[in-house]
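By convention here, the first residue in the shown sequence is residue 1.
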Amino acid sequence: RILVPFTTGGAADTLARLAGQRLSEMWGQQVIVENRGGAGGTLGMDAALKYPADGYTFVLISNSLAVSQVLYPKLTYDLVKDFVPVNLVASTPMVLAVHPKVPVNTFAEFTAYVKSRPGKLSYGSCGVGTAPHLAMEMYKFQTQSFVVHIPYRGCSLAATDAIGGQLDAILATAPAVLPHARQGKLKMLAVTNPARTPTAPEVPTMAESGVTGTRGFAVDNWYGFVAARGTPRETIERFDADVRKVLAQKDIAEKLAASGVDVMLGSAQDLAKLIDSDMKQFATVIKFAGIKPE
């Protein structure tokens, strides 16, 4: 079983279903993908702990769970104490874009424009406490800028209003922004990733912009597998190895890329470091911005 603590149709769901189908073929045994969305992924994580730690259940998480760990005051689980990292598997770029009416063409110009009009511009995110929301608030914190946040219940809804001009800017996942930008309906200025993404290699990172306060800026919308603590080590190692084989297949990588997902294979240690660093930086931003759970 691959448990996805998010609703169907998103990047995590696409990733889990592609991997699950290929693992089923590899093992000659059905792999069930189970979606348990809600409350920033916390409902799914709670459900995961109710299954036995026998090596038959793995959970596909994103950095939204690192957000939830520091945003929600009373969780029924602890992401670090109750789960063990298995591997890092993918990343979905997050893109800052503006409506064509905004007279800027680069991230540096956008920052200067924002600073000259504090509180007069608005940006849309995919929702309170989502990775794009936290990334933009981190940008505001590090550059001492003020842009009004307008939360939406999903990236595509925010993109619709950004295209319509109700928003000046949007920070959202690449699948919600790229198609409209390719049609000239939005101008892409930067990605939040630590390095340029194969999905849109022409878009620079915030970190390389030279804007004061953004050197080293890195908020990656990553995905990785975890298992309940106590899961047999040999089962974790086999799952890790076979997932790597699946994601290394060219057709799987191409299908994911078409959905705006970059394969990014890393170890359990890599995932543990990302969870730790994101929890620390998100806690700082949540306190700075006064973000409260919905």
Side-chain angles (χ1 to χ4, degrees), residues 1-27 31-37 41 44-45 48 55-69 79-80 83-94 130-131 173-175 191-199 218-229 231 233 235-279:
R1 176 185 292 103
I2 295 176
L3 195 150
V4 182
F6 309 106
T7 55
T8 58
D13 181 60
T14 300
L15 176 59
R17 292 185 184 280
L18 282 172
Q21 179 182 357
R22 199 57 55 91
L23 288 172
S24 294
E25 297 167 2
M26 182 185 296
W27 295 338
V31 175
I32 298 169
V33 176
E34 180 180 344
N35 297 86
R36 292 286 192 97
M45 301 305 289
Y56 284 89
T57 299
F58 291 85
V59 189
L60 180 62
I61 69 168
S62 76
N63 62 347
S64 293
L65 273 303
V67 176
S68 297
Q69 188 65 43
L79 182 60
V80 176
F83 294 91
V84 293
V86 176
N87 54 24
L88 186 65
V89 292
S91 167
T92 302
M94 292 188 290
T130 60
T173 54
V191 294
T192 66
N193 299 47
R196 293 197 186 200
T197 168
T199 302
V219 182
D220 205 350
N221 197 35
W222 49 258
Y223 299 89
F225 281 101
V226 298
R229 193 166 293 280
T231 299
R233 172 51 54 185
T235 310
I236 289 177
E237 290 175 353
R238 180 190 174 191
F239 182 83
D240 175 31
D242 287 349
V243 165
R244 289 174 181 277
K245 290 176 185 175
V246 166
L247 295 180
Q249 294 171 8
K250 184 179 178 181
D251 65 320
I252 293 292
E254 289 175 346
K255 288 177 181 178
L256 288 172
S259 300
V261 179
D262 297 331
V263 172
M264 183 178 68
L265 297 177
S267 66
Q269 292 73 24
D270 293 329
L271 178 57
K273 288 177 182 177
L274 280 174
I275 291 172
D276 180 66
S277 63
D278 275 5
M279 284 173 56

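The distance from atom CZ of F58 to atom CG of N87, rounded to the nearest 0.5 Å, is 9.0 Å. In this structure, CD in Q69 is found 10.0 Å from CD1 in I61, a value given to the nearest 0.5 Å. How far CG of L88 is from CZ of R244: 8.5 Å, rounded to the nearest 0.5 Å. Between atom OG of residue S62 and atom CG of residue L274 there is a gap of 11.5 Å, rounded to the nearest 0.5 Å. Distance check, rounded to the nearest 0.5 Å: OG1 of T92 to CE of M264 gives 9.0 Å. In this structure, M279 CE and N63 CG are separated by 12.5 Å, a value rounded to the nearest 0.5 Å.
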Open item on the list: The test is side chain to side chain contact (heavy atoms under 4.5 Å, CB included); show your working for L18 and Q249 and say whether it passes.
Closed with: CA-CA 11 Å; L18 282 172; Q249 294 171 8; over 6 Å; no

TODO: Show your working on side chain to side chain contact (heavy atoms under 4.5 Å, CB included) between V33 and L60 and close with a plain yes or no.
DONE: CA-CA 10 Å; V33 176; L60 180 62; over 6 Å; no

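Listed here is the closest heavy atom pair of A11 and Y223: CB-OH, 3.4 Å. The two residues F6 and G41 make their nearest non-hydrogen contact at CE2-CA, 4.4 Å. Scanning all heavy atoms of the two residues, the minimum distance from S64 to A131 falls at OG-N, 4.4 Å.
Under the 3.5 Å distance criterion, the side-chain polar atoms of D270 are matched with a main-chain donor or acceptor of S267. Without hydrogens or angle criteria, T192 side chain to V219 main chain gives a donor-acceptor distance under 3.5 Å. Here the side chain of T57 pairs no donor or acceptor atom with the backbone of R1 at under 3.5 angstrom.
Neither side chain, N35 nor T8, offers a donor N or O lying under 3.5 Å from an acceptor on the other.
A 4.5 Å side-chain heavy-atom check between T199 and V191 finds every atom pair outside the cut-off. Within the 4.5 Å cutoff, the side chain of M94 has no heavy atoms near those of the T130 side chain. With a 4.5 Å cut-off on side-chain heavy atoms, L23 and V243 count as touching. Counting heavy atoms from C-beta on, the side chains of I275 and W222 come closer than 4.5 Å.
Considering M45, E34, R36 as possible partners of P5, the one that fulfils the side-chain contact (heavy atoms from CB on, under 4.5 Å) test is M45. Paired with F225 under the rule side-chain contact (heavy atoms from CB on, under 4.5 Å), one option of I2, I236, V84 passes, and it is I2.
Aromatic ring orientation, W27 versus F239: tilted (interplanar angle from 30° to 60°).
A salt bridge is absent between D276 and K273; no separation between the charged side-chain nitrogens and carboxylate oxygens falls under 4.0 Å.
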Name the atoms and distances for all side-chain donor-acceptor pairs under 3.5 Å in residues 252-260, with sequence neighbours left out.
from	atom 1	to	atom 2	distance (Å)
S259	OG	K255	O	3.3

